Amino acid sequence: MTSRFLQILMISSFHLIYLSTQQEIKFLYDNFHKQENLYLDGSATVLPSGLLQLTNAGDHQMAHVFYKKPIKLSPSKPLSFSTHFVCALVPQPGHEGGHGMAFVISPSTDFSHAESTRYLGIFNVSKNGFPSSDVLAVELDTIWNPDFEDIDKNHVGIDVHSPLSVGIASASYYSDIKRKNESINLLSGKPIQVWVDYEDTLLNVSMAPLEVEKPSRPLLSQLINLTEVFPNSSSLFVGFSAATGTATSYQYIMSWSFCTSKGSLQSLDLSRLPDVPPPRAEHKNIYQLAIVLLGFVATMGLGVLIGVYLFRKCKYAEVTEPWEKEFGAHRFSYKSLYKATKGFSKDGFLGKGGFGEVYKGTLMLSREIAVKRMSYNGDEGVKQFVSEVVSMRCLKHRNLVPLLGYCRRKHELLLVSEYMPNGSLDEHLFDDEKPVLSWPQRLVILKGIASALCYLHTGADQVVLHRDIKSSNIMLDGEFNGRLGDFGMARFHDHGGYAYPTGAVGTIGYIAPEVIDMVASTGTDVYAFGVFMLEVTCGRRPVEPQLQCEKRLLIKWVCDTVPESRPTMEQVVLYLNNSLPLPDVSPYTVGLSSHSSVLIDAASLVASSSWSASSSSSSLVNGSPSKE
Ligand SMILES: *[C@@H]1O[C@H](CO)[C@@H](O)[C@H](O)[C@H]1NC(C)=O
Ligand SMILES: *[C@@H]1O[C@H](CO)[C@@H](O)[C@H](O)[C@H]1NC(C)=O
Ligand SMILES: *[C@@H]1O[C@H](CO)[C@@H](O)[C@H](O)[C@H]1NC(C)=O
Ligand SMILES: *[C@@H]1O[C@H](CO)[C@@H](O)[C@H](O)[C@H]1NC(C)=O
Ligand SMILES: *[C@@H]1O[C@H](CO)[C@@H](O)[C@H](O)[C@H]1NC(C)=O
């Protein structure tokens with residue numbers, strides 16, 4: 001009987017023990033190496049040291065850690081619990097930061113809906129516009145948010161379903177030794193002990209530095225009936241939540257003890273806490289990486305800009321030397337010429353001469369110009385060239401092509417002159433598609449060029465030798481006036497001065513025989529003008545290689561020439577204007593050859609007839625202008 005009683009007693013006490021153990025949850029994590037009973041999400045991870053890292057210093061992170069076994073609620077036995085944990089919130093060096101963390105009691109472990117930035121990874125904005133969650137949380141809040149009546153950015157609060165804390169206090173502890181409150185800096189990076197105790201609808205929160213015992217007075221002591229807080233829940237999970245926003249910090253749990261019956265809480269071994277690593281780590285590197293990447297992108301962008309700049313600079317690059325300063329006014333920028341000629345486009349191509357290509361261009365105010373591009377190597381003679389160009393700018397005569405200025409680049413010289421709408425004379429003389437120039441037109445042209453040459457030889461400040469008189473260098477303006485252009489070979493010397501030997505230049509057929517002596521003079525220009533006159537009147541080129549030998553060279557065919565017998569340009573102008581009697585030209589005149597009897601007759605005709613611009617035609621040669 002006794003044994004049977006004992007048996008019943010033993011069985012029922014076993015049941016009692018079984019029931020009580022079934023309800024009790026009790027665990028201790030001195031470190032988190034063993035984590036099989038833990039549920040982790042978000043950025044939560046266990047570091048090799050056994051440290052539970054909730055967030056690293058990345059922004060907008062969220063972490064949740066829950067003990068997997070829930071606390072079963074029974075109506076017969078009111079809930080009570082005690083917990084003690086050590087945490088550390090470590091900001092980045094030189095930064096204030098972090099959002100904080102919380103001890104959480106919740107019917108669910110699913111916080112995927114929560115927001116990190118504002119609500120510690122616990123709450124989200126519900127349909128009615130207020131942040132909420134079915135939760136009780138003890139927050140260690142390092143952000144001051146006036147919307148939630150936060151008192152400062154270093155406080156502890158008790159949240160029931162809402163971030164609007166029902167109890168709140170600045171992080172501090174009551175020092176039993178000093179008998180006063182001591183504040184705690186949550187973001188000091190140092191380990192902080194936290195105790196949360198609940199019994200008989202009273203929730204106490206205490207905290208203290210690692211070296212301090214649990215204070216005799218709790219920081220917060222709040223009346224809360226958890227049965228009312230979670231009326232529809234039969235079980236509750238306990239754990240932690242943490243988040244970062246734009247402000248960040250490393251947030252760790254170092255050790256954690258929990259039990260559902262007060263008095264049986266296992267104590268933490270504070271001497272064996274896992275080490276908190278100094279704040280450096282991967283996210284700083286990510287920032288650095290981001291900065292490096294940004295820097296790289298910025299450098300690339302800058303590089304492209306510089307490239308474009310250099311390309312443009314190179315495209316429009318010019319060469320300027322100090323001595324050019326005085327000619328500044330005559331200098332065009334390459335860019336303006338480039339734009340005027342639409343990048344030297346084919347559409348504006350006017351022709352190719354011995355010295356370069358000529359393009360038509362339009363400057364501002366629709367001013368039309370001709371731009372000659374000449375290439376040159378080395379700097380030799382450039383200074384002289386430029387100064388002569390500038391001197392030429394000073395030459396003013398209605399039968400000269402007005403030179404406007406120049407531009408200079410590496411290996412390239414550009415001459416800018418006024419655009420002559422009727423092109424060069426040789427086109428009109430030799431191009432069958434152009435209308436034949438009338439005698440009066442030809443005479444006007446000859447007179448004009450004679451006058452221009454006369455001016456160059458005697459009228460200008462210096463003696464200017466053109467040295468390349470020929471029909472292709474005579475341009476025709478809108479009224480078919482001849483304009484002498486292309487001073488590419490011109491030489492300047494003072495009146496009465498000496499023309500330096502410069503080598504035989506000019507165009508074959510126009511070069512006076514004595515130029516073999518290498519000395520150019522006004523006389524050699526006169527010779528060339530004479531050839532040019534023949535060219536205009538005869539309508540054939542000075543040299544026609546396909547013709548029979550004696551006719552090949554126009555001048556040879558006409559006569560030999562003797563320098564002394566040449567008139568001056570002044571005389572030529574007078575002859576052409578009929579103001580001076582023509583010199584005696586007979587078959588016996590020095591220099592005239594026997595082949596030229598026809599032309600001698602013609603010359604005498606010139607002398608006798610009224611050769612003026614108004615005369616409609618003359619009987620020169622066959623009585624009408626001709627083309628070969
Ligand atoms: C907030 O959480 C609830 C579940 O608790 C979810 O139904 C709701 O969609 C969430 N709201 C937002 C804005 O995520
Ligand atoms: C909470 O603190 C009050 C006041 O110090 C104390 O009387 C009470 O026993 C505490 N309750 C728990 C569960 O620690
Ligand atoms: C210490 O802090 C507690 C909780 O914030 C507060 O109730 C108490 O008045 C403070 N005591 C002193 C001496 O400041
Ligand atoms: C807590 O709330 C429940 C449900 O409202 C109630 O039954 C219980 O008596 C309350 N406990 C205390 C201590 O007031
Ligand atoms: C609990 O359930 C009741 C009935 O289903 C519902 O009216 C109430 O809103 C629920 N309370 C909470 C906090 O979910």
Side-chain angles (χ1 to χ4, degrees), residues 20 23-28 70-86 100 102-107 134-145 148-162 164-188 192-209 212-236 238 256-268:
S20 72
Q23 283 198 335
E24 188 176 344
I25 298 286
K26 179 176 169 181
F27 57 84
L28 167 68
I71 305 164
K72 299 282 179 202
L73 300 180
S74 86
S76 59
K77 191 172 179 291
L79 174 67
S80 72
F81 69 86
S82 282
T83 189
H84 178 201
F85 60 89
V86 180
F103 171 72
V104 176
I105 300 173
S106 161
D134 193 12
V135 77
L136 179 134
V138 175
E139 61 173 39
L140 307 185
D141 196 340
T142 57
I143 292 277
W144 180 61
N145 190 336
F148 308 142
E149 297 173 12
D150 286 353
I151 50 173
D152 58 23
K153 57 175 184 178
N154 187 51
H155 63 267
V156 179
I158 298 170
D159 302 340
V160 177
H161 302 320
S162 152
L164 199 71
S165 305
V166 295
I168 192 164
S170 281
S172 61
Y173 68 99
Y174 179 76
S175 167
D176 291 292
I177 301 162
K178 295 181 183 170
R179 295 179 175 273
K180 66 172 185 132
N181 288 344
E182 293 276 335
S183 71
I184 289 178
N185 178 7
L186 294 177
L187 279 170
S188 68
I192 297 167
Q193 302 187 74
V194 179
W195 295 266
V196 180
D197 302 294
Y198 175 77
E199 195 172 29
D200 297 336
T201 66
L202 200 57
L203 185 82
N204 291 353
V205 179
S206 307
M207 68 194 313
V212 177
E213 300 254 299
K214 186 181 182 180
S216 61
R217 298 181 191 175
L219 175 63
L220 290 169
S221 189
Q222 191 69 37
L223 266 174
I224 287 172
N225 186 342
L226 280 185
T227 315
E228 284 175 349
V229 170
F230 302 107
N232 300 341
S233 307
S234 57
S235 60
L236 295 171
V238 291
W256 180 26
S257 177
F258 181 92
C259 76
T260 48
S261 56
K262 205 187 170 198
S264 57
L265 186 72
Q266 294 156 282
S267 57
L268 301 176

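Just follow the structure's listing: the first ligand is 1, and inside any ligand the first atom is 1. None of the values given here were measured: they were computed from a predicted structure. Numbering of residues begins at 1 and proceeds along the displayed sequence.
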### Query
Hey, is atom 14 (O) of ligand 2 under 4.0 Å from any protein heavy atom?
yes
#### Entry: atom 11 (N) of ligand 2 protein-contacted, heavy-atom criterion under 4.0 angstrom
yes
### Query
Strictly by modelled atom types, are Ser82 and Trp195 linked by a side-chain donor-acceptor pair under 3.5 Å?
no
### Task
Examine the side chains of Ser76 and Ser74 and answer whether a donor and an acceptor come within less than 3.5 Å of each other.
yes
### Message
Closer than 4.0 Å to some heavy atom of Ser221 - which atoms of ligand 2 meet that?
### Response
1 (C), 2 (O)
### Query
Hey, which atoms in ligand 2 end up nearer than 4.0 Å to a heavy atom of Asp197?
13 (C), 14 (O)
Closest non-hydrogen protein atom to [atom], residue and atom name please, with distance?
{"atom": "atom 7 (O) of ligand 2", "value": "Leu202 CD2, 5.0 Å"}
{"atom": "atom 5 (O) of ligand 2", "value": "Pro218 CD, 3.3 Å"}
{"atom": "atom 1 (C) of ligand 2", "value": "Asn204 ND2, 1.4 Å"}

### Task
Can you spot which of Asn204, Leu203, Ile168 makes a side-chain contact (heavy atoms from CB on, under 4.5 Å) with Ile158?
Leu203
Backbone N or O of [Y] within a donor-acceptor pair of the [X] side chain at under 3.5 Å?
{"X": "Glu139", "Y": "Gly100", "result": "no"}
{"X": "Asp152", "Y": "Asn154", "result": "yes"}
{"X": "Tyr198", "Y": "Leu226", "result": "yes"}

#### Entry: Distance-only N or O hit between ligand 4 and Glu228, under 3.5 Å
yes
